[in-house]
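As the structure lists them, so they are numbered: ligands from 1, and atoms in each ligand from 1.
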Amino acid sequence: MKQTLALKLLFGMALTLGALPAYAQAPQPTAVMPGFTANGERTCLTCHGGDPKVTVILQNPMAVKGDPHTPFAREGCEGCHGPSGDHAAGKAPFPAIVFKGPNASPVEVRNAVCLTCHQAGLRMNWQGSQMERAGLACTDCHTAHTAKDPILVKATQPEKCFTCHAEQRADSFKFSHHPIREGLVVCSDCHNPHGSPGPKMLKEFTVNETCYNCHADKRGPLLWEHQPVRENCLTCHTPHGSTQAALLIQRSPYLCQECHANGGHQSQILAGQNLAGELAANIRMMARGCVNCHSQIHGSNSPNGTFFTR
Ligand code: HEC
Ligand code: HEC
Ligand code: HEC
Ligand code: HEC
Ligand code: HEC
Ligand code: HEC
Ligand code: HEC
Ligand code: HEC
Ligand code: HEC
Ligand code: HEC
């Protein structure tokens, strides 16, 4: 079993390795290359031209023949499906490379097709990324036969990610959440799903740098810094959704008491006195608790802001 797989893989690799560099070098084939069909996509469309799910690719930017870098400008359909003269002549059931369904080529082979032209830029860290190691195909997220790839559209991208990431879908429904469902923020605003040198495939090297891209007011430097804010926003916040206000991981005062409970008013949940001198809830704990007074919790620029109260 393993052996057949390996053989299939080798066969596919040989196909891609043999054929793909040729794409990269040959801008506009004048003669039909070995293995390829004559007349390019016109031949393919004699049989597949009646299926709108196939022909919609003619509206995709990759079908622009005027751009010499597109698959269509090079080998038409075979710019992606590989040299398929045999299939077009009715001698093989499938083209050299199939992307979806039960006859799909091995993931490595499919990805190699796309990477021939798209290795640069966002894909710089694809090799070794969580996605690559998990065996994801470019086409698990991308759709080629479409006018506009849904993964590139704000309104439709999250749904695609949610098909595999159920936890983040659940988070998006919570009381407090980044406005993903509302179409204002998308997953790829914070993540590079092709891999990154930072943690959790974040776009930037650190969590905080990622947050500062939109919450620039939190970047500082400030006169009075609150140490955990500088260290990691996720000390207090969760990125996708929370049942607490402001994406907090816990309600204050408990949030603050994780670190500030060593005496003083911070630790006295029930140790205040009312005007009659009776034991009552400490007013410093009421309502939103600590941040009612320590409102500049992310740091302060006021000369009197030592305690983040202004
Ligand atoms: C002589 C007619 C004919 C020509 C020409 C032809 N195909 Fe096909 N192709 C078929 C048939 C029949 C099938 C099987 C359809 C099915 O089962 O739905 C098929 C299946 C496919 C599949 C799907 C394989 C799968 O398992 O889902 C792809 C992709 C494909 N062809 C691409 C091409 C490309 C690219 C070309 C041009 C190089 C081409 N075809 C030319 C008849 C043709
Ligand atoms: C940019 C690369 C690319 C080009 C160019 C391309 N295809 Fe495809 N093809 C794919 C991918 C990827 C899929 C899997 C479904 C998808 O993403 O739309 C696919 C799926 C198919 C299928 C199977 C349809 C299905 O899902 O049952 C057929 C048939 C097919 N292509 C034929 C063609 C023909 C004919 C052409 C030329 C007119 C062509 N393709 C050009 C990448 C390409
Ligand atoms: C022969 C080179 C080539 C191959 C192979 C190729 N592409 Fe492309 N692709 C291009 C070019 C050129 C563009 C247009 C770039 C532009 O306009 O910036 C493009 C555009 C795209 C876009 C942007 C589309 C848009 O609507 O803006 C996506 C996504 C994409 N390709 C994904 C893929 C995937 C996935 C594969 C493999 C199934 C693939 N490409 C195979 C050359 C290629
Ligand atoms: C986990 C989902 C996912 C996978 C897997 C994936 N992509 Fe993408 N891709 C995206 C998203 C989301 C965007 C939009 C990114 C943005 O707007 O910052 C994108 C954008 C692109 C673009 C257009 C933007 C650009 O860089 O020019 C291309 C081309 C592309 N991807 C190619 C690929 C290739 C090639 C692979 C496989 C090696 C791949 N992608 C794998 C989700 C994915
Ligand atoms: C086809 C299923 C699939 C789709 C679609 C998908 N992912 Fe993933 N994703 C995975 C798998 C599998 C992993 C690896 C899981 C692991 O390492 O625990 C992963 C890992 C991740 C990670 C890194 C997790 C870590 O622990 O480092 C992030 C972030 C992520 N995906 C975001 C996205 C985004 C954003 C999208 C949409 C653009 C997306 N994913 C679409 C399957 C998918
Ligand atoms: C506002 C920025 C932001 C947005 C938008 C965002 N993420 Fe994240 N995501 C993060 C951060 C930060 C982490 C790291 C969390 C950690 O280290 O605990 C993360 C972690 C993840 C993980 C790994 C979770 C784990 O427990 O290891 C996955 C998967 C993920 N995000 C998927 C998604 C998906 C899918 C979307 C879109 C629906 C999305 N993210 C939108 C910032 C964001
Ligand atoms: C792409 C831009 C963007 C990035 C990056 C981003 N945010 Fe946000 N954030 C927003 C938007 C938009 C809102 C909603 C603002 C509003 O409703 O006024 C928001 C709201 C918030 C809120 C308040 C939520 C509430 O319910 O009141 C918190 C807390 C927050 N973000 C923390 C973070 C953290 C932590 C990071 C880094 C992991 C981050 N953000 C990264 C755009 C972003
Ligand atoms: C020590 C805990 C803590 C840390 C660390 C922290 N925050 Fe907050 N953040 C809070 C609290 C508490 C609130 C709610 C404030 C309120 O209700 O007035 C809040 C509210 C917010 C809000 C919404 C209200 C506003 O001020 O705009 C944003 C956005 C935000 N935080 C972003 C960030 C970012 C970005 C970081 C990292 C640079 C960060 N936070 C680190 C405790 C923290
Ligand atoms: C992860 C631990 C942590 C959390 C959670 C945390 N803090 Fe802090 N906080 C610190 C550290 C460390 C300092 C710096 C202490 C020092 O300089 O002595 C600090 C300093 C302060 C100061 C200034 C005290 C001084 O002596 O200068 C105030 C006020 C404060 N925090 C309030 C809060 C409030 C209110 C919350 C909840 C919203 C909170 N903190 C959450 C770790 C934390
Ligand atoms: C009614 C306003 C108020 C509330 C509510 C409040 N504080 Fe304070 N806090 C202050 C003031 C004013 C100071 C300045 C020093 C003082 O007067 O004790 C201070 C000082 C501090 C300090 C530094 C000095 C010390 O005593 O160690 C910390 C840490 C602190 N507060 C944490 C908290 C935490 C945690 C909470 C919530 C459990 C909280 N505060 C609730 C007003 C408040």
Side-chain angles (χ1 to χ4, degrees), residues 61-62 107-108 110-124 126-127 129-132 134-142 149-154 157-158 160-161 163-165 176 178 186-195 201 203 206-220 226-237 239 244-269 272 282-299 304 306-310:
M62 284 192 273
V107 170
E108 293 81 353
R110 284 182 273 154
N111 287 356
V113 172
C114 313
L115 286 168
T116 337
C117 300
H118 294 297
Q119 176 83 61
L122 288 177
R123 260 83 43 207
M124 244 165 60
W126 171 261
Q127 309 296 344
S129 68
Q130 286 91 323
M131 293 302 196
E132 194 254 357
L136 252 74
C138 312
T139 49
D140 282 336
C141 292
H142 289 285
D149 187 346
I151 201 88
L152 304 179
V153 180
K154 271 197 171 180
Q157 180 194 109
K160 191 86 189 185
C161 309
T163 57
C164 297
H165 294 292
S176 169
H178 264 109
V186 279
C187 315
S188 60
D189 281 335
C190 293
H191 295 286
N192 179 353
H194 307 103
M201 306 206 300
K203 273 173 85 168
T206 65
V207 169
N208 281 32
E209 281 303 326
T210 307
C211 309
Y212 297 152
N213 277 342
C214 298
H215 300 290
D217 58 316
K218 306 284 187 289
R219 183 188 286 274
H226 193 190
Q227 202 173 303
V229 177
R230 281 297 141 260
E231 274 165 15
N232 192 336
C233 309
L234 301 184
T235 312
C236 300
H237 294 289
Q244 309 301 331
L247 285 165
L248 291 171
I249 55 171
Q250 263 195 74
R251 199 152 57 83
S252 83
Y254 307 111
L255 175 72
C256 316
Q257 286 168 333
E258 291 275 321
C259 303
H260 299 289
N262 51 347
H265 66 279
Q266 314 91 281
S267 56
Q268 303 159 349
I269 293 203
N282 189 329
I283 54 152
R284 290 188 166 186
M285 298 299 161
M286 283 162 74
R288 270 158 56 237
C290 319
V291 286
N292 278 343
C293 297
H294 300 286
S295 58
Q296 300 307 108
I297 198 61
H298 302 101
N304 296 325
T306 337
F307 299 114
F308 314 135
T309 48
R310 62 184 81 200

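Heavy atoms of Asp217 found under 4.0 angstrom from ligand 8: none, in either backbone or side chain. Contact annotation: for Cys290 versus ligand 10, heavy atoms closer than 4.0 Å belong to both the backbone and the side chain. Residue contacts with ligand 8 for His237 involve side-chain atoms from C-beta outward but no N, CA, C or O (heavy atoms, distance under 4.0 Å).
For His294, a nitrogen or oxygen atom sits less than 3.5 Å from a nitrogen or oxygen atom of ligand 10, counting backbone and side chain alike.
For atom 8 (Fe) of ligand 4, the N/O/S atoms of His194 include one lying under 2.8 Å. With a cut-off of 2.8 Å, atom 8 (Fe) of ligand 8 has no N, O or S atom of Cys236 in range. Counting backbone and side-chain atoms alike, Cys233 contributes no N/O/S atom closer than 2.8 Å to atom 8 (Fe) of ligand 8.
With atom 25 (C) of ligand 8 as the reference point, the heavy atom nearest to it among Lys218, His298, His215 is part of Lys218. Of all the listed residues (Cys256, Ser252, Cys293, Pro253), Cys256 holds the heavy atom that lies closest to atom 35 (C) of ligand 10.
Residue contact annotation: Cys117 has no non-hydrogen atom under 4.0 Å from ligand 4. Heavy-atom distances between Leu152 and ligand 4 reach below 4.0 Å in at least one pair.
Leu115 is listed as a side-chain neighbour of Arg123, based on a closest heavy-atom distance under 4.5 Å.
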